[in-house]
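Down below is the structure, laid out as structure tokens.
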Amino acid sequence: MIIKKFLRLISAVILTLSLITAFVSSDASAATYVTYSERGIKYLAYSKNILYYSSNSTKVTSSECDQTHSGFFVRNKGCKKNSTLSSTSKHTWTFKNEFLAGAVIGGVTIGFSDIIIDQVIVYPNGKKPTWKYDI
């Protein structure tokens with residue numbers, strides 16, 4: 001029980017310290033944008049959630065997601081557009097990632113996994129996206 005709490009604490013610290021969000025506009029005349037968030041430590045337990053979207057001055061015209069990861073201690077669990085929270089003026093997406101931790105103590109393997117759900121809301125006309133973490 002103590003080991004599980006310790007492993008949760010360690011993974012929470014790693015995820016919190018390594019959380020990065022970026023917003024990159026590709027070509028402004030094309031009104032196509034990319035936003036992403038990164039979690040973890042590359043090659044150990046790292047995931048990147050990516051959303052590509054297009055917009056004009058009044059509405060988000062299209063969006064699609066992608067996920068990448070590296071390391072043995074993370075799995076991408078998918079991304080999904082939330083229809084009830086989306087409209088023509090904004091698109092809302094959720095991303096799921098599973099982070100794993102474990103140890104062998106006295107020949108016994110103890111481990112756990114934690115599914116992290118992040119959400120991004122994108123808006124038209126190049127307005128900065130809103131990322132919400134651990135929802």
Using a 4.5 Å cut-off on heavy atoms from C-beta on, say whether the side chain of [Y] contacts that of [X].
{"X": "Tyr33", "Y": "Thr35", "answer": "no"}
{"X": "Pro129", "Y": "Val120", "answer": "yes"}
{"X": "Tyr36", "Y": "Phe95", "answer": "no"}

- Task: Can you see which heavy atom on Pro124 is nearest to which on Ser89, and at what distance?
- Result: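 Smallest heavy-atom distance, with atoms named: CD-O, 3.0 Å.
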- Item | Distance-only donor-acceptor check, side chains Asp66 and Thr68, under 3.5 Å |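 Asp66 vs Thr68: no donor-acceptor pair found between side chains.
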- Message: Can a side-chain donor-acceptor contact be found between His69 and Ser47 if the only test is distance below 3.5 angstrom?
- Response: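 Note: Ser47 and His69 side chains miss the donor-acceptor criterion.
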Quick one: pull up [atom1] in [X] and [atom2] in [Y] and give me the separation to the nearest 0.5 Å.
{"X": "His91", "Y": "Ser83", "atom1": "NE2", "atom2": "OG", "answer": "9.5 Å"}
{"X": "Phe73", "Y": "Leu44", "atom1": "CZ", "atom2": "CG", "answer": "6.0 Å"}
{"X": "Cys65", "Y": "Asn49", "atom1": "SG", "atom2": "CG", "answer": "8.5 Å"}
{"X": "Lys42", "Y": "Ser70", "atom1": "NZ", "atom2": "OG", "answer": "7.5 Å"}
{"X": "Lys48", "Y": "Glu38", "atom1": "NZ", "atom2": "CD", "answer": "5.0 Å"}
{"X": "Lys59", "Y": "Ser62", "atom1": "NZ", "atom2": "OG", "answer": "10.5 Å"}

- Take Ser86 and Trp93, measure what side-chain hydrogen bond (donor to acceptor under 3.5 Å, both in side chains) needs, and give me the verdict at the end. CA-CA 8 Å; Ser86 296; Trp93 286 78; over 6 Å; no
- Item | Pair Thr94-Gln119, side-chain hydrogen bond (donor to acceptor under 3.5 Å, both in side chains): steps then yes or no | CA-CA 4 Å; Thr94 55; Gln119 183 180 70; over 6 Å; no
Cluster check [X], [Y]: I/L/V/M/F/W/Y, side chain < 4.5 angstrom:
{"X": "Tyr53", "Y": "Ile121", "result": "no"}
{"X": "Val60", "Y": "Trp131", "result": "yes"}
{"X": "Phe72", "Y": "Ile41", "result": "yes"}
{"X": "Ile115", "Y": "Leu100", "result": "no"}

- Query: Who pairs with Lys132 by salt bridge (Lys or Arg N to Asp or Glu O under 4.0 Å), at least two apart in sequence or on another chain?
  - Reply: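 Lys132 satisfies salt bridge (Lys or Arg N to Asp or Glu O under 4.0 Å) with no residue once adjacent residues are dropped.
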- Item | For Glu64, all residues meeting salt bridge (Lys or Arg N to Asp or Glu O under 4.0 Å), sequence neighbours excluded |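 Checked Glu64 against salt bridge (Lys or Arg N to Asp or Glu O under 4.0 Å); zero matches.
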- Item | Ion pair check, Arg39 and Asp118, cut-off under 4.0 Å |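 Looking at Arg39 and Asp118, the cut-off is met.
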Check whether [X] reaches the backbone of [Y] with its side chain - one donor and one acceptor, N or O, closer than 3.5 Å.
{"X": "Gln67", "Y": "Lys96", "value": "yes"}
{"X": "Ser55", "Y": "Asn125", "value": "yes"}
{"X": "Asn76", "Y": "Gly78", "value": "no"}
{"X": "Thr92", "Y": "Leu85", "value": "yes"}

